[in-house]
Amino acid sequence: MQIGAYHAPATIAEAVRLLAELPDAVPLAGGMTLLPVIRQRLAAPDAVIDLGRIAGLDTIRIEDGSVHEGTRQPNRLVIGAGTTHATVADSQLVATVLPALARLAGDIGDPAVRARGTIGGSLANNDPAADYPAAALALDAWNVTDRRVIPAADFFQGFFQTALMPGEIVTAASLAIPACAGYAKLRSQASRFPVCGVFVSRFADGPRVAVTGAGSQGVFRATVLEQALTADWSPAAARAARLPEAGLLSDANAGPRYRAHLVSVLAARAIAGIMDTAPAA
């Protein structure tokens, strides 16, 4: 593994300064993607800027969102970018206000991945088969960086592509809190990444459905299912709705037809899971 230099800044400002001064440097969050890439000699950055020692990047809190750009907003769950998957999974606050997200985090990879991987690293990397981007889209996330707030709909821009500018660092994810939410995925037995994953949420203005692992351009919202679930919030309605195959991935795991079927099946499972865990009326 070749790394030119290693820096461990104590503040976001210092990290931003280092990334500006060292143009071939890369930020390091959990390292679940970056370190294997470097180890396989697919990248040889001049320097690595380790964000793991920056205080305050691993906090979880409720933000009242009373005013955002002049508009009153509902409460949101704010998770620091450096928060590990294990911490999200074990958080009592997350389990209380967004249990689907706690379960999603607890089912990422294996214990070693969950101990090191972070929500910020997952969002910034935008792996087409990662779990968190689907949650971010379905939960109307605002991805907060050191210099701006980027809605999830604008943030994800294709395979491993985001709206982040060079040297820009994700500092937190601010997630809207829905009335209910669920997530279901089919995991690759080889990579442990989702062959397909579907996050479903329900807000006062309607459902949101986001899909990972299936789109040829990465994570996306499944408007066909959203329309079906607006008319009938039920597993049967999700199972009956079918995505067009155009634009879906074809790889060693599955083809477009199978993935289109999977999206409907997994959305139905996610909704069934919500109903199974909802308190009795």
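Just so it is clear, the values below take in all heavy atoms, side chains as well, and ignore hydrogens, waters and symmetry mates. Since this is a predicted model, take the numbers as computed values, not measurements.
- A distance of 4.0 Å separates CZ in Phe160 from CG in Asp127, rounded to the nearest 0.5 Å.
- Between the side chains of Ser264 and Arg239, no donor-acceptor pair of N or O atoms lies under 3.5 Å.
- Here the side chains of Leu57 and Thr171 are in contact, with some heavy-atom distance below 4.5 Å.
- Residue Leu229 holds its CG atom at 7.0 Å from OG of Ser234, rounded to the nearest 0.5 Å.
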Worked check of side chain to side chain contact (heavy atoms under 4.5 Å, CB included) between Lys185 and Asp131: CA-CA 9 Å; Lys185 66 180 176 181; Asp131 299 271; 3.2 Å; yes
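- When every heavy atom of Leu123 is checked against every heavy atom of Phe155, the shortest pair comes out as O-CE2, 3.2 Å.
- The shortest distance between side-chain heavy atoms of Asp50 and Tyr6 falls below 4.5 Å.
- Applying the side-chain hydrogen bond (donor to acceptor under 3.5 Å, both in side chains) test to every pair with at least one member in residues 105-118, sequence neighbours left out, gives these pairs: Asp107-Arg187.
- With a 6.0 Å radius and a threshold of 12 heavy atoms from other residues, nucleotides or ligands, Arg53 has its CZ atom at or below the threshold.
- Sorted by first and then second residue, the pairs that involve residues 17-30 and meet side-chain hydrogen bond (donor to acceptor under 3.5 Å, both in side chains), not counting sequence neighbours, are Arg17-Glu21.
- No donor-acceptor pair under 3.5 Å is formed between the side chain of Arg257 and the backbone N or O of Glu245.
- Checking side-chain atoms of Thr83 against main-chain N and O of Gly80 turns up a donor-acceptor pair under 3.5 Å.
- Under a 3.5 Å cut-off, the side chain of Thr212 and the backbone N or O of Pro128 do form a donor-acceptor pair.
- Rounded to the nearest 0.5 angstrom, Leu51 CG and Asp58 CG are separated by 12.5 Å.
- Contact annotation: the side chain of Trp142 never approaches that of Arg148 to less than 4.5 Å [non-hydrogen atoms, C-beta and beyond].
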Chi angles and distances behind the side chain to side chain contact (heavy atoms under 4.5 Å, CB included) call for Tyr132, His85: CA-CA 10 Å; Tyr132 273 121; His85 309 323; 3.2 Å; yes
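- No chain of hydrophobic side-chain contacts below 4.5 Å, direct or via other Ile, Leu, Val, Met, Phe, Trp or Tyr residues, connects Leu175 to Val209.
- A salt bridge between Arg259 and Asp251 is present, with a side-chain N of the basic residue lying under 4.0 Å from a carboxylate O of the acidic one.
- Using a cutoff of 4.0 Å between basic side-chain nitrogens and carboxylate oxygens, Glu226 and Arg221 are scored as salt-bridged.
- Dense packing is recorded around CZ of Arg242, with more than 12 heavy atoms of other residues, nucleotides or ligands lying under 6.0 Å away.
- Distance alone, capped at 3.5 Å, is enough to place a donor-acceptor pair between the Asn126 side chain and the Gly158 backbone.
- By the side-chain hydrogen bond (donor to acceptor under 3.5 Å, both in side chains) test, Arg61 is found to be paired with Glu63, residues two or more places apart in sequence or in another chain being considered.
- Side-chain atoms of Glu14 come within 3.5 Å of backbone N or O of Ala10 as a donor-acceptor pair.
- Val265 and Leu243 fall into different hydrophobic clusters, defined by Ile, Leu, Val, Met, Phe, Trp and Tyr side-chain heavy atoms under 4.5 Å apart, directly or through other members.
- Minimum heavy-atom separation, Leu19 to Ala25: CD2-O, 4.0 Å.
- Atom OG in Ser91 sits 4.0 Å away from atom CD1 in Ile60 (nearest 0.5 Å).
- In this structure, CG on Leu35 lies 5.5 Å from CG on Leu28, to the nearest 0.5 angstrom.
- A side-chain donor from one of Thr145 and Glu168 sits under 3.5 Å from a side-chain acceptor of the other.
- Between Asp146 and Gly167 the shortest heavy-atom distance is OD1-O, 4.4 Å.
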Step-by-step side chain to side chain contact (heavy atoms under 4.5 Å, CB included) determination, Arg202 to Trp233: CA-CA 9 Å; Arg202 191 178 192 184; Trp233 175 260; 3.1 Å; yes
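- Linking Ile, Leu, Val, Met, Phe, Trp and Tyr residues whenever their side-chain heavy atoms come within less than 4.5 Å places Val88 and Leu139 in a single cluster.
- Looking only at side-chain heavy atoms (C-beta outward), Val170 and Val144 stay at 4.5 Å or farther from each other.
- Separation of atoms CG (Leu164) and CD1 (Ile150) is listed at 5.5 Å; rounding is to 0.5 Å.
- By the rule that hydrophobic residues join a cluster once side-chain heavy atoms approach within less than 4.5 Å of another member, Val219 and Tyr183 end up as members of one cluster.
- Under the 4.5 Å side-chain criterion, counting only non-hydrogen atoms from C-beta, Asp46 is not in contact with Leu22.
- Nearest heavy-atom pair across Pro133 and Ser122 is CD-OG, 3.9 Å.
- Between Phe199 and Ala181, the closest heavy-atom pair is CE2-CB, 3.7 Å.
- No side-chain donor-acceptor contact under 3.5 Å links Asn143 to the backbone of Ala152.
- Note on Tyr258 and Val198: same hydrophobic cluster, where clusters join Ile, Leu, Val, Met, Phe, Trp and Tyr whose side-chain heavy atoms are under 4.5 Å apart, directly or indirectly.
- Scanning both residues, Ile177 and Val97, for their nearest heavy atoms gives CG2-O, 3.6 Å.
- No side-chain heavy atom of Ile62 sits under 4.5 Å from any side-chain heavy atom of Val78.
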Derivation and outcome, side chain to side chain contact (heavy atoms under 4.5 Å, CB included), residues Phe203 and Cys180: CA-CA 8 Å; Phe203 290 91; Cys180 58; over 6 Å; no
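- Side-chain atoms of Ser216 and Leu248, non-hydrogen and from C-beta on, never get closer than 4.5 Å to each other.
- At least one side-chain heavy atom of Ile12 sits less than 4.5 Å from a side-chain heavy atom of Ile54.
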